[in-house]
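We count ligands from 1, going down the list as the structure has it; atoms in each ligand are counted the same way.
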Amino acid sequence: MRILLIGNGAREHIIAEKLAQDSEVYVIMSKKNPAIAAIAKEHWICNIENPQEVSEIVKNQIIGKIKIDIGFASPDGVLAAGVSDVLENAGIPIASPKKAAARIEWDKSFMRLLLEKHKIAGQIKHKIVNNEADARAAIIALDGSVAIKPLGLTGGKGVKVSGDHFTHIDEGMIYVHELLDKDGVLLIEEKVEGEEFSLQAFSDGHNVVAMPPVQDHKRAFSYDRGNNTGGMGSYSTGPLLPFLEKSDIDQATRILQAVVSAMHRDGVPFKGILYGQFMATKNGIRVIEFNARFADPESINVLALLDGSLSAIFKQIAEGSLKKCNFLVDSTVVKYLVPEGYPDNPKPNEEVKVNLELLKKLDAKIYYASVYEKNGKLLTTGSRAFAILGQGTTIDMAEAIAEKGCKCVSGPLRHRADIGTNDLIQKRVDHMKKLRER
Ligand code: AMP
Ligand code: GLY
């Protein structure tokens with residue numbers, strides 16, 4: 001098959017790599033990712049969040065010249081801009097959600113209303129407010145234990161949680177003001193206590209097929225210190241995470257299925273990847289948010305384990321004939337290498353060198369996120385530079401490979417050495433055990 005992929009990060013690097021196992025991959029990127037360009041049969045550069053620009057490339061350079069079998073728009077901003085719609089309007093079958101369905105991610109009020117309307121499990125107390133008085137009343141009604149968030153996309157960095165980011169209601173109100181000034185509306189949610197996990201699923205508009213659960217690490221520094229980032233790394237341990245029970249995964253999968261069924265009933269069928277960010281609590285699974293795409297970096301954990309053809313799955317999604325998928329039961333650890341100073345004060349344009357030979361010897365894999373080539377050199381931007389993947393029959397093996405893999409890249413980069421270690425995982429297990437005993 002010939003597959004058109006839109007996107008240029010580490011997530012799209014592994015998607016391209018998997019697709020290229022049995023298909024020709026064509027890619028439209030905002031910036032040239034050298035590793036994706038090396039996989040692609042052909043690539044084009046434009047602002048991929050601008051549907052008009054994507055449409056021009058599709059019309060002028062693709063239609064009538066290359067027969068594309070499937071289109072897949074990958075990042076959140078691209079889906080929110082309606083790029084899947086552009087591809088479909090050009091006659092390309094799509095395996096990613098259209099703008100109306102991706103709304104589950106780009107409009108948190110749509111998501112909360114959907115759960116409410118269809119009485120889907122996992123809902124939490126929340127209030128959508130558009131003025132100061134209602135916001136204050138909502139925070140007081142939840143005893144000050146809240147998460148304050150914008151309704152739209154924030155790259156994982158727009159949420160402020162009491163206890164973590166602010167303590168007194170007046171501090172919370174400063175953020176409320178900021179959001180009211182910017183958007184005129186915001187969401188106040190009860191603060192949920194538990195352990196977070198990501199469950200991604202393929203969906204063809206009717207059925208869902210879940211992938212293995214993964215735990216991401218959003219904080220910049222070891223032991224969850226520092227600001228939130230786009231994600232510093234993630235691990236998986238087969239069909240379950242160490243702090244979860246099978247019933248947790250079953251419950252989360254049922255929630256994903258219920259969402260897909262509800263969206264079908266409402267006339268906005270969801271085709272693509274539905275990624276639930278869930279919290280396991282003492283009272284069961286709660287929904288933090290849904291995303292209309294593969295998670296980053298958790299996509300790397302699960303796609304490394306996918307035992308079969310991603311191209312075939314995309315075709316089934318496009319045709320509405322999704323079947324079961326198989327995943328290896330190995331453990332995986334992904335660690336992001338980020339510029340020093342990231343996320344607050346990253347140092348861009350620094351030269352980095354990758355020792356591919358040594359990575360291969362270690363059995364570690366590297367996925368290029370945000371780096372560019374200039375005069376034969378590889379340089380950083382202000383964003384995450386590379387994701388390093390370790391895979392093994394045990395989490396210890398996977399972690400050791402990922403950690404050694406990080407040492408194969410030289411330059412002013414850092415990573416979180418604690419991700420995937422027994423010490424940190426045990427803390428999650430102990431936390432969950434304490435909550436369940438309460
Ligand atoms: P989001 O951008 O919605 O993924 O949120 C970023 C992070 O904020 C999440 O990964 C959670 O750790 C935290 N968070 C978001 N909503 C809540 C909530 N209602 N209760 C507790 N923590 C939350
Ligand atoms: N893993 C965080 C995200 O993809 O939004």
Side-chain angles (χ1 to χ4, degrees), residues 7 9-12 14-15 74-80 102 104-109 111-112 115 122-128 138-139 142-166 172 175 179 186-200 211 213-220 224 226-236 273-283 285-303 334-336 343 367 369 383-384 387 419 428 431 435:
R11 170 182 52 198
E12 288 74 30
I14 192 166
I15 293 170
S74 178
D76 47 0
V78 170
L79 294 165
I104 188 111
E105 173 165 8
W106 58 258
D107 180 0
K108 288 191 168 85
S109 65
M111 180 273 279
R112 290 282 168 220
L115 295 188
Q123 177 73 302
I124 60 175
K125 287 183 203 145
H126 65 279
K127 188 107 189 159
I128 295 149
I139 296 174
L142 291 165
D143 295 327
S145 181
V146 294
I148 303 175
K149 31 177 110 170
L151 299 185
L153 301 178
T154 64
K157 298 172 199 154
V159 177
K160 295 214 187 294
V161 181
S162 62
D164 291 346
H165 303 103
F166 65 92
Y175 192 47
L179 294 179
L186 65 128
L187 180 61
I188 310 259
E189 288 178 353
E190 70 171 293
K191 176 180 174 178
V192 183
E193 203 189 340
E195 274 299 325
E196 234 173 326
F197 65 97
S198 305
L199 191 68
Q200 303 164 81
M211 302 177 227
V214 187
Q215 190 170 43
D216 185 18
H217 299 73
K218 283 195 194 289
R219 298 298 192 101
D224 297 325
N227 282 340
N228 274 344
T229 67
M232 291 297 293
S234 48
Y235 69 94
S236 74
I273 318 301
L274 184 61
Y275 144 37
Q277 223 171 291
F278 294 104
M279 194 85 93
T281 76
K282 71 175 164 63
N283 300 317
I285 300 303
R286 296 290 178 271
V287 173
I288 297 300
E289 65 177 20
F290 291 112
N291 300 291
R293 55 179 169 83
F294 274 118
D296 187 357
E298 300 96 306
S299 52
I300 299 174
N301 302 83
V302 296
L303 288 176
V334 175
K335 302 196 186 212
Y336 256 116
Y367 294 98
S383 301
R384 296 173 297 177
I419 292 172
R428 314 283 197 219
H431 178 220
L435 287 177

Inset, instruction - Return the residue, atom name and 0.1 Å-rounded distance of the protein heavy atom closest to atom 9 (C) of ligand 1. - result: E196 OE2, 3.2 Å
Inset, instruction - May I ask you to check if R384 and Y336 form a cation-pi contact, with NZ or CZ under 6.0 angstrom from the six-membered ring centre and within 45° of the axis? - result: yes
Legend entry - Side-chain donor/acceptor of R286 to backbone N/O of T281, under 3.5 Å: no
Inset, instruction - Identify, by atom number and element, the atoms of ligand 1 in contact range of A147, meaning under 4.0 Å from any of its heavy atoms. - result: 16 (N), 17 (C), 18 (C), 19 (N)
Legend entry - Q277 side-chain N/O to I288 backbone N/O, donor-acceptor pair under 3.5 Å: no
Inset, instruction - Under 4.0 Å from a heavy atom of Q277: give me the atoms of ligand 1 that qualify, with their elements. - result: 4 (O), 9 (C), 10 (O)
Inset, instruction - Over 60° means perpendicular and under 30° means parallel, so classify the ring planes of H217 and Y235, tilted if in between. - result: tilted
Legend entry - M211 backbone acceptor or donor facing Q200 side chain under 3.5 Å: no
Legend entry - atom 3 (O) of ligand 1: the protein heavy-atom neighbour that sits closest, reported with distance to 0.1 Å: E289 OE1, 2.7 Å
Inset, instruction - Run through ligand 2 for me and note each protein residue having a heavy atom under 4.0 Å from it, chain first, then residue number. - result: D216, K218, Y275, R293, A295, D296, E298
Inset, instruction - Please could you name the atoms of ligand 1 that I124 approaches to less than 4.0 Å, counting only its heavy atoms? - result: 19 (N)
Exercise answer: donor-acceptor pairs, residues 143-156 side-chain atoms, under 3.5 Å, sequence neighbours excluded:
residue	atom	partner	partner atom	Å
K149	NZ	E189	OE1	3.0
T154	OG1	G156	N	3.4
T154	OG1	G158	N	3.3

Legend entry - Minimum-distance protein heavy atom relative to atom 2 (O) of ligand 1: V159 CG2, 3.4 Å
Legend entry - Polar side-chain atom of T229 near backbone of K218 as donor-acceptor pair, under 3.5 Å: yes
Inset, instruction - Output the list of atoms in ligand 1 that are nearer than 4.0 Å to some heavy atom of E190, sorted by atom number. - result: 18 (C), 19 (N), 20 (N)
Inset, instruction - Among all protein heavy atoms, pick the one closest to atom 20 (N) of ligand 1 and tell me residue, atom and distance. - result: V192 N, 2.8 Å
Inset, instruction - Examine N228 against ligand 1 and note whether any of their N/O atoms are separated by less than 3.5 Å. - result: no
Legend entry - Proximal atoms of ligand 1 relative to K149 (non-hydrogen, under 4.0 Å): 3 (O), 15 (C), 16 (N)
Inset, instruction - Keeping the roles fixed (side chain from Q215, backbone from E196), state whether a donor-acceptor pair exists under 3.5 Å. - result: yes
Inset, instruction - Would you check whether R286 reaches within less than 4.0 Å of ligand 1, judged by its heavy atoms? - result: no
Inset, instruction - Answer yes or no for H126: is there a heavy-atom contact with ligand 1 below 4.0 Å? - result: no
Legend entry - Sidechain-backbone polar pair: R293 side chain, L79 backbone, donor-acceptor under 3.5 Å: no
Inset, instruction - Mark yes or no for whether Q123, through its side chain, and V287, through its backbone, hold a donor-acceptor pair below 3.5 Å. - result: no
Legend entry - atom 23 (C) of ligand 1: nearest protein contact (heavy atom, Å): V161 CG2, 4.0 Å
Legend entry - S198 and D216: CA distance, side-chain angles, deciding distance, side chain to side chain donor-acceptor pair (under 3.5 Å) verdict: CA-CA 7 Å; S198 305; D216 185 18; 5.6 Å; no
Inset, instruction - Using modelled atom types only, decide if a donor and an acceptor are shared between the side chain of K108 and the backbone of E289 within a distance under 3.5 Å. - result: no
